[in-house]
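Dropping the structure in here first, questions after.
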Amino acid sequence: MIEGYTDNPVGELAKNDEGKLCITSVTLKPEVILAEQSIAHKKSLVELHHQAHEACFLARSVNFEINITLNE
């Protein structure tokens, strides 16, 4: 069970082929707080986050790269 989630995303801007500024990538830096009875193993947390990212409609809706950096 997830008790808390915060993120400190960083976006990068660059000019596109038309010379207009656009977001070219976003790096997410999630911090997840799990309940004591939840899986606390880091490999499990990385896999769970990967599964959530694969199912994320926002990630599928944007036309720029999304990176994820997990605190280990």
Side-chain angles (χ1 to χ4, degrees):
M1 172 183 253
I2 295 174
E3 290 188 343
Y5 178 97
T6 58
D7 207 322
N8 218 0
V10 175
E12 292 189 27
L13 291 173
K15 290 187 178 181
N16 64 13
D17 293 339
E18 299 170 356
K20 297 181 181 183
L21 281 177
C22 65
I23 296 173
T24 57
S25 71
V26 170
T27 299
L28 303 176
K29 300 177 182 181
E31 293 185 30
V32 179
I33 299 170
L34 298 174
E36 274 190 46
Q37 69 271 24
S38 295
I39 299 169
H41 192 270
K42 288 182 182 177
K43 283 187 176 180
S44 296
L45 182 57
V46 170
E47 178 58 29
L48 288 171
H49 201 278
H50 174 73
Q51 289 174 11
H53 179 68
E54 289 295 312
C56 179
F57 71 91
L58 290 172
R60 290 192 309 269
S61 300
V62 298
N63 63 355
F64 52 82
E65 183 177 358
I66 298 176
N67 304 296
I68 301 168
T69 303
L70 295 173
N71 291 337
E72 302 208 22

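Nothing fancy with the numbering, it's 1 onward along the sequence.
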Supply the atom-to-atom distance Q51 CD to E54 CD, rounded to the nearest 0.5 angstrom.
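Output value for this atom pair is 9.5 Å.
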
Measure the shortest side-chain to side-chain distance between T24 and L13 over non-hydrogen atoms and say whether it is less than 4.5 angstrom.
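Side chain of T24 against side chain of L13, heavy atoms only: no contact under 4.5 Å found.
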
Mind checking whether K29 and D7 have side chains closer than 4.5 Å, heavy atoms only?
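Side-chain contact under 4.5 Å: yes.
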
Locate the shortest heavy-atom distance separating V26 from P9; write the atom from each residue and the value.
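Answer, listing the atom of V26 first, then P9: CG1-CB, 4.2 Å.
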
Hphob cluster co-occupancy, F64 + L28, side-chain heavy atoms under 4.5 angstrom:
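In one cluster: yes.
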
According to a hydrophobic-cluster definition based on side-chain heavy atoms being under 4.5 Å apart (Ile, Leu, Val, Met, Phe, Trp, Tyr only), do I66 and I23 belong together?
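Yes, one cluster joins them.
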
Less than 4.5 Å apart, side chain to side chain, heavy atoms only: is that true for L21 and K15?
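Answer yes - side chains close enough.
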
How far apart are the closest heavy atoms of A59 and H53, and which atoms are they?
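Here A59 and H53 meet closest at CB-CE1, 3.7 Å.
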
